[in-house]
2 protein chains.
Amino acid sequence: MASLERALDVLAHLHEFGDAAGVTQIGRALDLPKSTVHRLLVPLVDRGWVERREDGRYRPGMMLVSLGLGVLEREPLVVAAQPVLESTAQRVEQTVFLATARAGRILVLDKREGTGFLRASPRIGAEIPSHATAIGKLYLAFAPQLVSSASAPRFTAATSSIEELQNAELSLIQTRGWATNREEWISGLVGFAAPIRFDDRLVGALAMAGPASQLPATDAARLSSEVVGAAHAIEARLKRGSK
Amino acid sequence: MASLERALDVLAHLHEFGDAAGVTQIGRALDLPKSTVHRLLVPLVDRGWVERREDGRYRPGMMLVSLGLGVLEREPLVVAAQPVLESTAQRVEQTVFLATARAGRILVLDKREGTGFLRASPRIGAEIPSHATAIGKLYLAFAPQLVSSASAPRFTAATSSIEELQNAELSLIQTRGWATNREEWISGLVGFAAPIRFDDRLVGALAMAGPASQLPATDAARLSSEVVGAAHAIEARLKRGSK
DNA sequence: GTAGATGTTCCGTATTTCGGAACATAATTC
DNA sequence: GAATTATGTTCCGAAATACGGAACATCTAC
């Protein structure tokens with residue numbers, strides 16, 4: 001399956017590179033001959049997965065847009081969360097986002113950003129670490145089997161390791177039903193997260209994140225109850241949607 | 001390149017099917033043996049392009065979301081149009097969308113929907129026909145080499161063929177600088193579109209669409225000047241962004 | 001429990017993919 | 001302008017890979 005894997009490597013590279021790339025550049029980056037790269041690109045271009053520009057350079061194509069947005073449209077959790085994300089972000093005036101676990105990784109599914117100059121700005125589709133974020137800790141507390149702890153680097157001085165999280169904070173999260181992150185992932189970034197359940201299973205989490213200066217610890221009661229309320233609203237919409 | 005093409009077929013099928021599918025169903029749909037389908041799916045699952053559910057069925061994965069949204073984030077036209085789409089949609093209270101030509105096809109890049117119960121709801125990434133829509137006619141009038149007229153079916157009784165459009169309406173569009181669609185694509189659907197240029201080249205179009213009852217011909221002057229104004233605003237933002 | 005349906009694994013063989021070299025085009029240097 | 005360099009495209013004999021039928025594992029229906 002080397003051929004298909006190489007094609008996927010090419011696509012991933014085009015995405016990460018960010019600019020249109022020629023076969024020589026792609027070949028250098030992936031250690032592949034120009035002719036191989038070119039041969040892989042031909043069907044990708046024919047079918048719209050890659051776009052060939054007039055200058056002979058290549059970039060990701062609109063087929064990715066169609067299929068990518070198709071994933072989100074068909075995800076019941078995303079559909080149910082949409083209006084709740086909207087209203088919650090407006091009410092708290094901070095970035096609110098939705099995430100879930102997929103193949104052991106926690107990925108951002110949707111978001112509504114705050115309007116401040118300094119704001120949290122997660123990328124949809126991006127992974128967030130399980131041990132150093134509010135959402136990650138929720139998963140570790142309620143459904144640790146759904147997340148992989150293979151990689152747990154220390155991001156900041158405040159980062160706890162998986163072992164350190166074992167009893168103290170996870171028990172607290174289980175008791176009160178929400179989690180928080182205080183600059184454990186990114187300096188200055190604070191977050192609150194609440195679990196979203198369907199059929200008694202953890203299917204995702206709703207989080208709010210922003211600069212520490214705007215989410216003071218003294219506001220924790222209000223902020224946590226906002227995310228818990230939002231998560232409940234999403235749960236209710238999920239239940240209604242399954243009729 | 002049969003292997004890669006088959007994998008792309010599988011992905012396209014999963015997208016179109018809309019629900020999670022098993023190898024047998026995919027194999028039947030694509031006339032491929034189960035084992036071939038399964039073998040193609042393995043690296044797709046490993047890398048996140050396809051998600052395998054617990055019940056052994058497969059659906060498109062989050063890698064598509066990352067890359068698809070990456071395409072839109074990096075498209076200067078989409079970035080420039082975003083605030084303009086927002087404000088225009090609010091002002092006219094109808095669906096406003098952005099489209100461009102890619103490999104001879106006209107594709108929707110972004111949109112902001114009206115809030116009416118009855119509204120136009122284009123799908124981002126979807127193709128719109130060139131001969132039966134306002135945007136398509138803009139391209140035929142100003143840059144016909146960018147669009148393919150290979151397929152020009154009659155959608156409604158109002159649809160004109162490419163030949164019928166040759167002189168009469170295209171000249172008018174060239175003269176007044178905007179185009180309209182009066183139920184030529186979909187019965188009851190009316191649209192107005194204005195060209196977006198950069199460096200004297202047509203790079204896209206801004207359109208407004210909605211039910212005929214809400215976009216009366218008597219309102220054409222106001223509506224067309226809205227889309228023309230919005231297109232100019234996007235052009236200005238494009239020019240500013242290229243410094 | 002049996003039969004049928006469906007996802008997963010295996011391996012000899014046919015098919016496909018590979019990549020160096022030639023070619024075509026564009027850009028740079030003198 | 002000519003020569004050189006850089007880069008995208010095409011070609012084809014040989015090596016590598018993908019193929020798919022069959023066996024296997026698991027689940028569902030009667």
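Because only heavy atoms are used, hydrogens play no part in the values below, and waters and symmetry mates are left out as well, while side chains stay in. Residue numbering restarts at 1 for every chain, and letters A, B, ... go by the order of the sequence lines.
Between the side chains of B:E113 and B:S121, at least one donor-acceptor pair of N or O atoms lies under 3.5 Å.
Rounded to a whole Å, the CZ atom of A:R53 is 15 Å from the C1' atom of D:dT7. Summarising the geometry, the separation between CD on B:E5 and C1' on C:dT16 is reported as 12 Å, rounded to the nearest angstrom. Note: CG (B:D31) to C1' (D:dG20) measures 13 Å, nearest angstrom. Atom CG of A:L4 is separated from atom P of C:dT16 by 16 Å (rounded to the nearest Å). Regarding A:E54, its CD atom lies at a distance of 15 Å from the P atom of D:dG8, rounded to whole Å.
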Task: Letter per nucleotide, 5' to 3', of nucleotides 7-13 of chain C [B base touched, S only sugar-phosphate touched, - untouched; heavy atoms, 4.0 Å] - done: BSB----
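Side-chain N/O atoms of A:R6 include one lying less than 4.0 angstrom from OP1 or OP2 on C:dG19. In this model, the phosphate group of D:dG20 is approached by a side-chain N or O of B:T36 to a distance below 4.0 Å at OP1 or OP2.
Looking at A:I173 and A:F142, their side chains come closer than 4.5 Å, going by heavy atoms from C-beta outward. B:L77 places a side-chain heavy atom less than 4.5 Å from the side chain of B:L238.
Remark: A:E235 does not engage A:R237 in a salt bridge, criterion side-chain N to carboxylate O under 4.0 Å.
Centroid-to-centroid, the aromatic rings of A:H131 and A:F155 come within less than 6.0 Å.
Residues that satisfy the ring pair (Phe, Tyr, Trp, His ring centres under 6.0 Å) test with B:H13, not counting sequence neighbours, are B:F17.
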